[in-house]
Amino acid sequence: MATRRVGAKVIDWAAFAERVPPNQRSQFNALKTKADALKTKLAAVPEKPPAINWDAYKKTVPVAGLVDKFQKEFEALKVPQPKDTATVTVEGQEKDMDTKVSKFVVESNNRIKQYQDKIAALNNMVPFEDMTLEEYFEMYPNSKPNKEKYPWWPHFPVWEL
């Protein structure tokens, strides 16, 4: 089967589909359709091409030595395999992205911890109904009216609203 020589990696389409946003679902389906079509075409190709029956050609071709010449040239023909130059760069990009992802995960976990601490502080504070003005101004010092600078009510610059 031809897939053994070309595609050693298997795509996890289910995990891939989970990460596709809804507005790009049609593009994802088109990509999967093309990949499946290529996979079926590749599966239809045999691993090795069928051997040429040179004796049958020697019997049917009237020119002497022509089939021998073609056979010798055919057997001498070597098709070079292209060198893989992209794997090194892709692996480098993969390592780079892994470090970025791990850094992002650590930063995200730190932010989550800060937010959870804020939520815990809000859950543990005195309810607003039971809070005095002094406690409120202690918790939120920016909302404290500045009667010295703005002696008339509402004791803050109205134009900053």
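Residues take their numbers from the sequence shown, with the count starting at 1.
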Value for CD (Gln93) from OG1 (Thr89), rounded to nearest 0.5 Å, stands at 5.5 Å
Any non-hydrogen side-chain atom of Pro141 less than 4.5 Å from a side-chain atom of Phe137?
no
Before giving the answer on side chain to side chain contact (heavy atoms under 4.5 Å, CB included), spell out for Glu73 and Leu77 the whole-Å C-alpha distance, their side-chain angles and the decisive distance to 0.1 Å.
CA-CA 6 Å; Glu73 289 180 9; Leu77 177 67; over 6 Å; no
Taking atom CD of Glu138 as the centre, report whether more than 12 heavy atoms of other residues, nucleotides or ligands fall under 6.0 Å from it.
no
Side-chain heavy-atom pair Leu31, Phe16 within 4.5 angstrom cut-off:
yes
Let me confirm one number: the CD-CH2 distance from Glu75 to Trp54, rounded to the nearest 0.5 Å.
7.0 Å
Given Ile119 and Asn123, is the side chain to side chain contact (heavy atoms under 4.5 Å, CB included) satisfied, shown in steps?
CA-CA 6 Å; Ile119 290 171; Asn123 287 336; 3.5 Å; yes
Would a hydrophobic clustering, with Ile, Leu, Val, Met, Phe, Trp and Tyr connected at side-chain separations under 4.5 Å, put Val67 with Phe74?
yes
Audit row: Val126, Met139, side chain to side chain contact (heavy atoms under 4.5 Å, CB included) steps and yes/no
CA-CA 10 Å; Val126 177; Met139 290 185 86; over 6 Å; no
Ignoring hydrogens and angles, tell me if any N or O in the side chain of Arg25 forms a donor-acceptor pair with the backbone of Pro21 under 3.5 Å.
no
Given 3.5 Å as the limit, does a donor-acceptor pair link the side chain of Thr87 with the main chain of Asp84, or not?
no
Separation of Phe70 CZ from Ile52 CD1 (nearest 0.5 Å)
11.0 Å
Starting from the C-alpha separation in whole Å, work towards a yes-or-no answer on salt bridge (charged side-chain N to carboxylate O under 4.0 Å, His left out) for Lys113 and Asp117.
CA-CA 6 Å; Lys113 179 150 179 22; Asp117 292 343; 3.6 Å; yes
Checking Asn124 side chain against Ala120 main chain: does a donor-acceptor pair fall under 3.5 Å?
yes
Begin with the C-alpha distance, continue with both residues' side-chain angles, and end with the deciding distance and a verdict on salt bridge (charged side-chain N to carboxylate O under 4.0 Å, His left out) for Asp55 and Lys59.
CA-CA 6 Å; Asp55 293 330; Lys59 292 176 186 173; over 6 Å; no
Side-chain heavy atoms nearer than 4.5 Å, only ILVMFWY residues, links allowed to pass through others: does that put Val105 and Ile112 together?
no
Hydrophobic cluster identity match, Val20 and Ile11, side-chain contacts under 4.5 Å
yes
Could you grab the distance from atom NZ of Lys100 to atom CD of Glu107, nearest 0.5 Å is fine?
12.5 Å
Find out whether Lys103 and Thr99 are in side-chain contact, i.e. whether some heavy atom of one side chain is under 4.5 Å from a heavy atom of the other.
no
Whether Tyr136 and Tyr140 hold their rings parallel, tilted or perpendicular, with breakpoints at 30° and 60°:
tilted
At what distance, to the nearest 0.5 angstrom, does CE of Met125 lie from CD of Glu135?
10.0 Å
Test item: Arg111 side-chain N/O and Val106 main-chain N/O as donor-acceptor pair under 3.5 Å:
no
When rounded to the nearest 0.5 angstrom, what distance separates CE in Met97 from CD in Glu94?
10.5 Å
Whether over 12 other heavy atoms sit under 6.0 Å from Tyr57 OH
no
Got a salt bridge between Lys32 and Asp36, using NZ or NE/NH1/NH2 to carboxylate O under 4.0 Å?
yes
